[in-house]
Every structure is written in structure tokens, then in C-alpha cells.
Amino acid sequence: MSGRDLGIVLLIVVVWGLNFPVAKLGFTELPPILLTAFRFALVALLLVPFVPRPTGRYRQMLLLATVLGGVHFSLMFIGLSRLDSATVAIASQLTVPFAALLAAIVFQDYLGWRRTLGMAVAFGGVAVMAGEPRILADPWPLLWVVAGAFAWAVANIQVKRLGPIDGLVLNGWMAAFAAPQLFLVSWLVEGDSWSRAATAGFAGFGSVLYMAVLVTILGYGLWYRVLRTYPVNLVMPYTLLVPVIGVAAGIGLLGEPLSWPIVVGGGATLVGVAIIVWRRPRLTDRQPQP
């Protein structure tokens, strides 16, 4: 990989890793589902007018938006609003073993003992984190994050069935279908959330801007460019830096505590995910190559 492209990849993983504490800051002014709705609305506004229509794929895109936008992000951000960003950054990596398991079931992919071991280590690491007293006192937020990771893995299967599609088209139209769903869910679940939106300032809408422009449009736009240039198995291992940056940013920017269950369990989870990524990278693609 050239020095320039390596710098691009490292920029992407830093942007994605900072997404967790940035979202936490946004939750101080906006409820999580409403914040996510604003994020997707802005992505759709910035992309849809400039990308082709997914002709013949509208139904599939709607189902994908329901699973990835409505279910995954709702569960993940509700959990993040009640947990420290370090725990969520690590637990969200369960998407990788979930995706490997679903690929074995749906596409009859052979797992093998190494990937099976990686799955067991990853799930065991999250179980260790769940044993922390403050999580044991209220396990539901972590369970929501794990369920959100499973929804993301289901969305991976949906994306693979879409076939070849440009990444920006996928993100733009998925956001267009997801935003109305999220506004409705926010109204049903979060009550009078618009009163908070009326008083939100830089923390709330700044996080929306960060996640829409930097995380989604710039991040994934550059990511697809790198994937077009290099093999997936050369690029994917760098995504293991995302939770590391998320943990470091949560500690450094938000002053979150770092306990031994997080260190041991988080380390085990990343080792398990690394085994899966390096043994069969194509099972862990979060988005397809365009």
C-alpha cells in the first residue's frame, strides 16, 4: 500500500473510531434515535440528488434501511447512550463473528476450526465485559448493543444479495428510506423529542454533521476508493484499529474509566475478531466493493 493510501486508511479508522465519543456528546442535547434520524436525513439530502437511482432495487433498499437504519442504529445508539463508548466500541465488533456465522448458514460457507475459535474468543470477551459490576447492575444496554451488532450482520447478508452497487448510491438511498422510519420511531419511543431539538446546539447538531459528512460520506467514500485499489484482505485488518481508537478517545476525551474487565474482555474480543478477519476477510465486509 502506498504511503498516501495508508494515510487515507488511517484517517478513515480515526474518523470511525471517534464516532463513539462524538455520538455520546451529541446525546447530551439530542435523544439517540432522533439524532440518528437527523444523521440519515442529512446524508440523503447530500447524496440522493447526485447519485443514480437504484432502479429495480427499491424494495430491497427499503428492507435494508429497516434492518440497518431502523433496527441496528436504534439499538446501538440507545445502548451507547447508557454505556461508556469504550464498551460499545468493542461490543459492536461482534458484527464480525455474527456475519461469519450467518454467512455459513445462508451461503454454506465453511467456517473451519480457526474461525470457530475466533468466534468463541470474541463472544467470550464480551461475556467477560458483561461481568463488570456496573454492567451486571443493568445488562440491557449491552444486550441492545449486541442485538444491534447482529442486525448489522443481517444487513451484510442483505447487501451481498443486492449484488454490485456503488457505495455512495447504497448509503444515499438507504439513508433516504431510513430517515422517515427513524423519525417515526423517535416520535413513538422518545416522546416529545423535538423540544430538545429546538434547544440543541453545537454538541447535538455538530455530532450529526460529523457522522453524516465525515463518518458516512467522506469515510465510506474513501473506503470504497481504497477497496477498488487493494485486496480486501490487505485493507480489512486496519478496521481492528477502530475500537482501539474508540476506547482511547472515550478515556481521553470523555474521562471514561478503564476497568480490568474492559481490558481483558475487550482484548479477547479483538483477538477473536482478528482471527476471523485474517482467516476469511470476505465474510467480514461491512459494505460490498462497488
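From a predicted model like this one, the values you see are computed outputs, not experimental measurements.
Residues Q158 and L68 are not in side-chain contact: their nearest non-hydrogen atoms beyond the backbone lie 4.5 Å or more apart. Taking 4.5 Å as the limit, some side-chain heavy atom of L253 sits within range of a side-chain heavy atom of L18. Side chains of V242 and F20 form a contact here, defined as non-hydrogen atoms less than 4.5 Å apart. Counting heavy atoms from C-beta outward, L218 and L222 have side chains that approach closer than 4.5 Å. Side-chain atoms of L25 and L254, non-hydrogen and from C-beta on, do get closer than 4.5 Å to each other. For the pair L170 and M61, the minimum side-chain heavy-atom distance is below 4.5 Å.
Ring geometry, F150 versus F98: the interplanar angle exceeds 60°, so the pair is classed perpendicular (tilted spans 30 to 60°). Ring geometry for F177 against W173 counts as tilted: the plane angle lies between 30° and 60°, on a 0 to 90° scale.
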Original post:
Does the pair L47 and M174 meet the rule for a side-chain contact (heavy atoms from CB on, under 4.5 Å), with working shown?
Top reply: CA-CA 11 Å; L47 286 183; M174 192 277 292; over 6 Å; no
Subject >> Stepwise side-chain contact (heavy atoms from CB on, under 4.5 Å) check, N171 with V51 >> reply: CA-CA 10 Å; N171 278 314; V51 298; over 6 Å; no
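When atom types are taken as modelled, the side chain of T269 and the backbone of V126 share a donor-acceptor pair closer than 3.5 angstrom. Between the side chain of T216 and the backbone N or O of M211, at least one donor-acceptor pair lies under 3.5 Å. For S74 (side chain) and G70 (main-chain N/O), a donor-acceptor pair under 3.5 Å exists by modelled atom type. Proximity of a side-chain donor or acceptor of E190 to a complementary backbone N or O of L34 within less than 3.5 Å is detected.
Pairing each heavy atom of G246 with each of P21, the nearest pair is O-CD, 4.5 Å. The shortest non-hydrogen separation linking P97 to V273 is CD-CG2, 4.2 Å. A23 and L80 get closest at one heavy-atom pair: CB-CD2, 3.6 Å. Between A91 and V145 the shortest heavy-atom distance is CB-CG1, 3.8 Å. Pairing each heavy atom of T95 with each of A149, the nearest pair is OG1-O, 3.3 Å. Considering every non-hydrogen atom in both A41 and A179, the closest pair reads N-CB, 3.7 Å.
The side chain to side chain contact (heavy atoms under 4.5 Å, CB included) test with S207 singles out one residue from V215, L35, N19, T28, and that residue is L35. A ring pair (Phe, Tyr, Trp, His ring centres under 6.0 Å) with F38 holds for exactly one of F73, F205, Y210, F77; it is F205.
For D84 and K24, the salt-bridge test fails: no basic side-chain N is under 4.0 Å from an acidic carboxylate O.
Hydrophobic cluster membership differs between V88 and L270, with clusters built from Ile, Leu, Val, Met, Phe, Trp and Tyr side chains linked at under 4.5 angstrom. If you chain together hydrophobic residues whose side chains sit under 4.5 Å apart, F50 and V43 never meet in one group. I12 and Y238 fall within a single hydrophobic cluster, where Ile, Leu, Val, Met, Phe, Trp and Tyr side chains are chained together by heavy-atom contacts under 4.5 Å. Using a 4.5 Å cut-off between side-chain heavy atoms of Ile, Leu, Val, Met, Phe, Trp and Tyr, with links allowed through other members, V244 and V271 fall into different hydrophobic clusters. Note on L63: it does not cluster hydrophobically with V159, by side-chain heavy-atom contacts below 4.5 Å among ILVMFWY residues.
One finds the CG atom of L83 at 12.0 Å from the CD1 atom of I78 (value rounded to the nearest 0.5 Å). To the nearest 0.5 Å, atom CG of residue L64 and atom CG of residue N156 are 9.5 Å apart. Atoms OG1 and CD1, on T87 and I135 in that order, are 4.5 Å from each other to the nearest 0.5 Å. The line from OH of Y230 to CZ of R225 is 7.5 Å long, rounded to the nearest 0.5 Å. How far CG of L182 is from OG1 of T66: 9.5 Å, rounded to the nearest 0.5 Å. Once rounded to the nearest 0.5 Å, the distance linking CD1 of I276 with CE of M119 reads 6.0 Å.
For F202, the CZ atom sits in a loose shell: 12 or fewer heavy atoms of surrounding residues, nucleotides or ligands are nearer than 6.0 Å.
Outside the 6.0 Å centre-distance limit, the rings of F40 and F183 are not counted as a close aromatic pair.
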